[in-house]
Amino acid sequence: MNIVVCIKQVPDTETQIKIASDNKSIVTDDIKWVMNPYDEFGVEEALRLKEKFGGEVTVVGLGPKRVTESLRTALAMGADKAVLITDDALEGSDSLAVAKALAAAIKDLEYDLIFTGQRGVDDDMGVAGASLAELLGIPHVALAVKVEVAEDGKSVKVHRPVEGQTLVIESGLPVLITAQKGLNEPRYASLPGIMKAKKKPLDEKSLSDLGLDSAQFGQEGRKVKVLELTPPPERAAGKIVEGETPQEKAAELARLLHEEAKVI
Amino acid sequence: MDFALTDEQKMFKEQVIRFATKEIKPRCQEHDLKGEFDFESFRKLGEFGILGLHFPEHLGGSDADVMTCVVAGEALGEAGLDGGLTLAYGAHTFLCADTIFAHGTQAQQEKYIPDLASGEKIGCMGLTEPGAGSDVASISTRAEKRGDRYVLNGSKMFITNGPIADVAVVYAKTDRDQKHAGISAFIVEKGTPGFSAGKPLNKMGVRSSHTSELIFEDCEIPAENLLGQEGAGFLMAMRTVEWDRSTLMAPFVGGMTYVLRRCVRYALERHQFGRPIAEFQAIKHKLAEIKIFIEAARSLVYRIAWCKDQGRPLNHLEAAVAKLFIGDWSLGPANDAVTLHGGYGYCHEYEVERNFRDSRLAPIGGGTSEITKKIISKLI
């Protein structure tokens, strides 16, 4: 079973995000970049399936050279090879353009399953996975919390949560599955894994290597444009309920909840 | 000279921090306060590969160089693990397992190292005695050869992992008339008749590591449990102590980085007189001084690791300098971190008080500062 996992590199969720002076992007200095956590679930699931069915796991990343670190992490976890799509013209591309580039890199690979994260924790678009499936002409099952590949390796059942219930969807292969939290607990890369990853193949592809026209990518090629980025509103200061006795304080609290907060 | 970490070491450090932060850190405070050893975390360290990092793969290790071991130890500290757990790891890996690895026969290595590397078994090292600390040559535990057995009698004191160890490397006199040249090293297994451990001592810091007396009363062990040659024990102990004074210090250095991070965060969040306390010069100076300590301490520890990897296994002078510096000079920054947190710093929740308690061991264990200075003066 050959599996492709798409990897996005995103700011560490603990990073304090600052909005840049253009009000449309974030300040990228001092950001610690990590593998998108949802993609990591995809890598782990791919590795578990590989351990069961054999085959190869290929990780595909897109972005500047620093994305190599996340690909190497996936290789250290146990993936077999990596492809990095990197090209200056990709800077500022939207999700659809990203999906196009991924499709171009993946279409000639042999694959039975493709995993992507259900969304990137940076832009929260959740579009690239579905678009990639569409461009490759394969089914797409979103938000997987459990993946069961049939013993004969020809079909897959995917569990996804729906408002507290579970929807089980069956699909033939190949299929693209987007990974949701709860799918698994990703493993840590061991030192031997890290040392082996050093020697695993990592191919770099530019847009022209993939036969793509760079004019369709970057800011110019965007179909959706970011107009503005605003920080979350500052939290209003808390209020201390005044009063001489507990009874007075309780009455004042009830009044505030009723008249100001309007919750009772 | 190049102390830059390789890409692989950087990635491994990241993974260790991530692993330790998620899997172990949440359990540390409880074990520290209760003074209980955390068996589960210790096993997890083994499963992750930390306990046997520098042993060869066929013995359950990862073939890591010393620098990588130091980076891993530093990462455990940076993740905020308590000094008790990291001390237990250091004593287990460097004082016990490494001594068996360095001086043991192939059979001894194969018998003990894999289980120690995985954490299946816990190791300790018994050198110090109630009446012999810094003066190693005066140890009175004796081992008498009787046929194909050695019979051990005596006791050891302040032994990290003593009450929980399955395997102990024990130093004893095989020739009472000799001083250094009369010391030999043995492997003693838990459950051997005549071998027992005292109750865990109730300590000020490193509380989750168990420390006790080891008692030998006509304890018979097979002659094959002798490590190396009779009389070679003192040199082995000196080699072990060199690890103790260098690589074992890495988690202390990482721990101070963790403390500094906490201090910076607190100084930015805590407002007094209408502004963050980080804006006050007295606070800035404390933060700067902690940073200076970290940078200097790290350089000393890295340098020893680098020397070892360059093919110079023993660096007594450098190790003594590193140990003394970290031991004595960490107390100021550890105290400053508590001061900076004010009343909160005196409470368990803010962890700086734990670091303060843990740090107090560094000028004592592995050779007191006074003895360490004597060693340094002798070597210059």
Side-chain angles (χ1 to χ4, degrees), chain A residues 7 9-16 18 30-37 39-41 43-44 47 59 61 65-79 82 84 121 181-182 184-202 204 234-235 237-238, chain B residues 5-25 41 44-73 75-76 78-80 93 117-119 258 261-262 264-265 268-269 271 274:
Chain A
I7 287 175
Q9 200 178 43
V10 296
D12 188 348
T13 45
E14 286 183 16
T15 303
Q16 272 203 325
K18 289 187 205 120
D30 300 328
I31 278 188
K32 188 177 155 206
W33 297 92
V34 297
M35 192 190 306
N36 178 33
D39 300 345
E40 215 174 342
F41 298 131
V43 173
E44 177 61 35
L47 295 175
V59 286
K65 293 267 188 190
R66 61 173 155 73
V67 179
T68 308
E69 289 166 27
S70 293
L71 293 173
R72 285 268 176 232
T73 303
L75 292 173
M77 287 167 76
L84 172 65
V121 296
K181 188 173 182 180
N184 52 46
E185 273 295 320
R187 67 194 65 190
Y188 302 100
S190 66
L191 184 64
I194 290 169
M195 299 316 284
K196 277 182 206 146
K198 211 168 139 180
K199 294 181 192 127
K200 290 180 181 174
L202 194 153
E204 283 188 19
E234 289 224 3
R235 271 189 14 204
Chain B
L5 301 184
T6 63
D7 288 346
E8 289 72 31
Q9 284 165 338
K10 281 185 211 157
M11 190 193 283
F12 186 57
K13 187 175 179 188
E14 281 282 314
Q15 293 288 323
V16 176
I17 291 176
R18 216 177 136 181
F19 153 78
T21 304
K22 192 168 170 217
E23 311 285 342
I24 297 182
K25 175 72 179 42
S41 290
K44 282 184 178 175
L45 286 174
E47 281 163 24
F48 189 82
I50 297 275
L51 301 180
L53 217 47
H54 70 298
F55 301 128
E57 282 186 36
H58 75 271
L59 295 174
S62 302
D63 254 331
D65 56 15
V66 183
M67 194 64 173
T68 305
C69 293
V70 162
V71 167
L76 295 178
E78 278 187 41
T93 296
S118 69
Y258 177 79
R261 233 177 21 238
R262 282 208 74 126
V264 169
R265 200 169 68 209
L268 289 170
E269 284 170 2
H271 284 67

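To find a chain, count down the sequence lines: A is the first, B the second, and so on, and within it residues start at 1. Any value given below was found using the heavy atoms of this structure, including those in side chains, with hydrogens, waters and symmetry copies removed. In this text the structure is predicted, and so the values were computed from the model without any measurement.
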Between [atom1] on residue [X] and [atom2] on residue [Y], distance to nearest 0.5 Å:
X: A/R72; Y: B/K10; atom1: CZ; atom2: NZ; value: 13.5 Å
X: A/M195; Y: B/M11; atom1: CE; atom2: CE; value: 10.5 Å
X: B/T21; Y: A/E14; atom1: OG1; atom2: CD; value: 8.0 Å

Worked verdict on A/T73 versus B/Q15 for side-chain contact (heavy atoms from CB on, under 4.5 Å): CA-CA 9 Å; A/T73 303; B/Q15 293 288 323; 3.5 Å; yes
Portion of B/T68 that has a non-hydrogen atom of chain A nearer than 4.5 angstrom: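 Contact with chain A: side chain only.
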Proximity breakdown for B/E14 and chain A, heavy-atom pairs closer than 4.5 Å: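 When you check distances to chain A, only side chain atoms of B/E14 fall under 4.5 Å.
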Nearest atoms (heavy-atom pairs only) where B/F12 meets A/I194: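 Shortest heavy-atom contact: CA-CD1, 3.5 Å.
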Short N-O contact, B/R18 and A/E40, less than 4.0 angstrom: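 Salt bridge between B/R18 and A/E40, a charged N being under 4.0 Å from a carboxylate O: yes.
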Best-contacting candidate, B/G49, B/A64, B/S62, B/A72, against chain A by heavy atom pairs under 4.5 angstrom: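 Ranked by heavy-atom pairs under 4.5 Å with chain A, first place is B/S62.
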Under 4.5 Å from any heavy atom of chain B - which part of A/A197: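 Nothing of A/A197, per the 4.5 Å heavy-atom cut-off to chain B.
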Option in A/E69, A/R187, A/K32 with maximal non-hydrogen atom pairs under 4.5 Å from chain B: A/K32
